[in-house]
Protein chains: 2
Amino acid sequence: MVSMERIWKDQLYKEFARIGKCLSSPKRLELLDLLSQGPKSVDQLVKLTGMSVANVSQHLQTLHESRLVRSHRQGNFVIYEIAGLSVADFMVSLHRLSEKQLVEVQKLKTEILQNHLSMEPIALEKLLERMERGEVVLLDVRPQDEYETGHIPGAISMPMEDLEKHLASLPTDKEIVAYCRGPYCLMSAQAVEILISKGIKASRLEEGLIEWKRYMEQSNIQSQP
Amino acid sequence: MVSMERIWKDQLYKEFARIGKCLSSPKRLELLDLLSQGPKSVDQLVKLTGMSVANVSQHLQTLHESRLVRSHRQGNFVIYEIAGLSVADFMVSLHRLSEKQLVEVQKLKTEILQNHLSMEPIALEKLLERMERGEVVLLDVRPQDEYETGHIPGAISMPMEDLEKHLASLPTDKEIVAYCRGPYCLMSAQAVEILISKGIKASRLEEGLIEWKRYMEQSNIQSQP
DNA sequence: TAACTATTCAATAAATTAATTGAATAGTTG
DNA sequence: CAACTATTCAATTAATTTATTGAATAGTTA
């Protein structure tokens, strides 16, 4: 005989597992990360991930069924967005846990950033100090629409594709720091490579907007009486 | 041609998805929740979940491969435990997200706790106030080994199976509050039912030890200058 | 070392999931 | 309303996963 409690628990854990199932496909995780940066059309996501249209759409469907994303139409496009900030926040939790538990993630990160692109990221805390003292210019090298959705205060929008064109407009007396979507996005590293190759002093901020928000929430709480 | 960046991202997200895959099975989530309360032998887990031995063992294997649990032998038993507090914490994040996004979870929770067991939980904040004033006795109704692994300070261990025997030893001048493994464990609710049926004033704390810890971390941070 | 127990392995069948393709649909613009 | 585009649906195949069983293994105690 199966108890009422057993049935209830089975139903409950089945629901939790619905969220889990969404997180079991690499492609879906990538879509969630991209959508965490701001709303995007299916078409944009196709270009960003290199997947087929039908494939992207299907994954978005799955995410929609578990209420992790929502959508609305805008002209010819259907725009998808995450269903709330808690989703983006949860993704950061997942990244952190993965990085903590899985040596493989640590390896992958170190390999490409230290051995290949060879640069140490600047600590968020240090950046904020130096920005306050006016020693640093912070560049947001993501596409402009993501910058407009939200950015670290004080940052200047400088999408990757515009970078080389606008090199001249950068201040020469300050150090440049570039950031992008977060620890697993390589745009900021590539930007720093370009800057350094042009003889401009630059470094990379590993954190993205979401990680910055988390950090600020914690230190805001701390600075309250 | 597939870029180096694309390959790297695919590898990275594949790793994240390893964690996700662990979370895609209801039974594995239940095992993780149980292990969050303290180390347990495979045998104990079999009894707690009603699954077959081979099944439990297989799921534990999967969790082990993703470094979410670890194990060691103790006499005839192999004891499993979560691989770090961040795992338990992540489970709470998953519960919170699920509850926020999935109406179904909200429903399941309300149904059994309000319609069937009919009781409103006491807020954690209120409990702590009343405990300080000495108005309340807090009972930990989980098995004793879980209490010994860790418990809310000031709580008295009173495992479910001992409850009816030890009713007499409870103070009669104070209100009783019972807690257990957390929001999705029914032991505390059952304990309160028993107490009320004996004419003792009692209520349920929804939070478990892990949720209490989270709450305290936040308010500890807040109370620092 | 023998007996015992707990744990893991291996094999199976059922079920679910992922990726792909081409066609159908819905919505927008001129 | 016609042409156009973006999106979704449906069907297929391949691959993975789950649950279950019984047997094998490993470790402990007497």
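Order of the sequence lines fixes the chain letters, A, B, ..., with proteins taken first and strands second; residue numbering starts at 1 for each chain. The analysis underlying the following values was restricted to heavy atoms, covering all of them including side chains, and did not include hydrogens, waters or symmetry mates.
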Length of the line joining [X]:[atom1] and [N]:[atom2], which is rounded to integer Å:
| X | N | atom1 | atom2 | result |
| --- | --- | --- | --- | --- |
| B/E30 | D/dT18 | CD | C1' | 16 Å |
| A/E65 | C/dT17 | CD | P | 10 Å |
| A/L63 | D/dT7 | CG | C1' | 16 Å |
| A/K14 | D/dA19 | NZ | C1' | 15 Å |
| B/F77 | C/dT8 | CZ | P | 13 Å |
| B/R73 | D/dA26 | CZ | P | 11 Å |
| A/K21 | C/dA18 | NZ | C1' | 14 Å |
| B/L60 | D/dA19 | CG | C1' | 15 Å |

Given [options], which nucleotide is nearest the side-chain atoms of [X]?
| X | options | result |
| --- | --- | --- |
| B/N55 | D/dA19, D/dA6, C/dT17 | D/dA19 |
| B/V42 | C/dA19, D/dG22, C/dT7 | C/dT7 |
| A/R28 | D/dT18, C/dA18, C/dT28 | C/dA18 |
| B/A54 | C/dC9, D/dA19, D/dA6 | C/dC9 |
| A/S41 | D/dT7, D/dT18, C/dT8 | D/dT7 |
| A/Q58 | D/dA19, C/dT7, D/dA10 | D/dA10 |
| A/Y80 | C/dA18, D/dT8, C/dT16 | D/dT8 |

So that I can tick it off, tell me whether [Y] and [X] are bridged by a salt bridge, with the cut-off set at under 4.0 angstrom between side-chain N and carboxylate O.
| X | Y | value |
| --- | --- | --- |
| A/E206 | A/K109 | yes |
| B/E15 | B/R67 | no |
| A/E104 | B/K14 | no |
| A/E217 | A/K213 | no |

Looking across every strand, which nucleic acid part, if any, lies under 4.0 Å from [X] by heavy atom: base, sugar-phosphate, or nothing?
| X | result |
| --- | --- |
| B/D43 | sugar-phosphate |
| B/H59 | sugar-phosphate |
| A/Q61 | sugar-phosphate |

Ranking A/N76 and B/S71 by the position along DNA chain C of their nearest nucleotide, the one closer to 5' is B/S71
For a quick test of reading the model: is some side-chain N or O of B/S52 closer than 4.0 Å to OP1 or OP2 of D/dT20?
no
B/S57 side-chain N/O to C/dT7 phosphate OP1/OP2 under 4.0 Å
no
So which of B/H95, B/R181, B/R28 actually passes side-chain hydrogen bond (donor to acceptor under 3.5 Å, both in side chains) with B/D33?
B/H95
Crowding at NE2, B/H64 (>12 non-hydrogen neighbours, <6.0 Å)
no
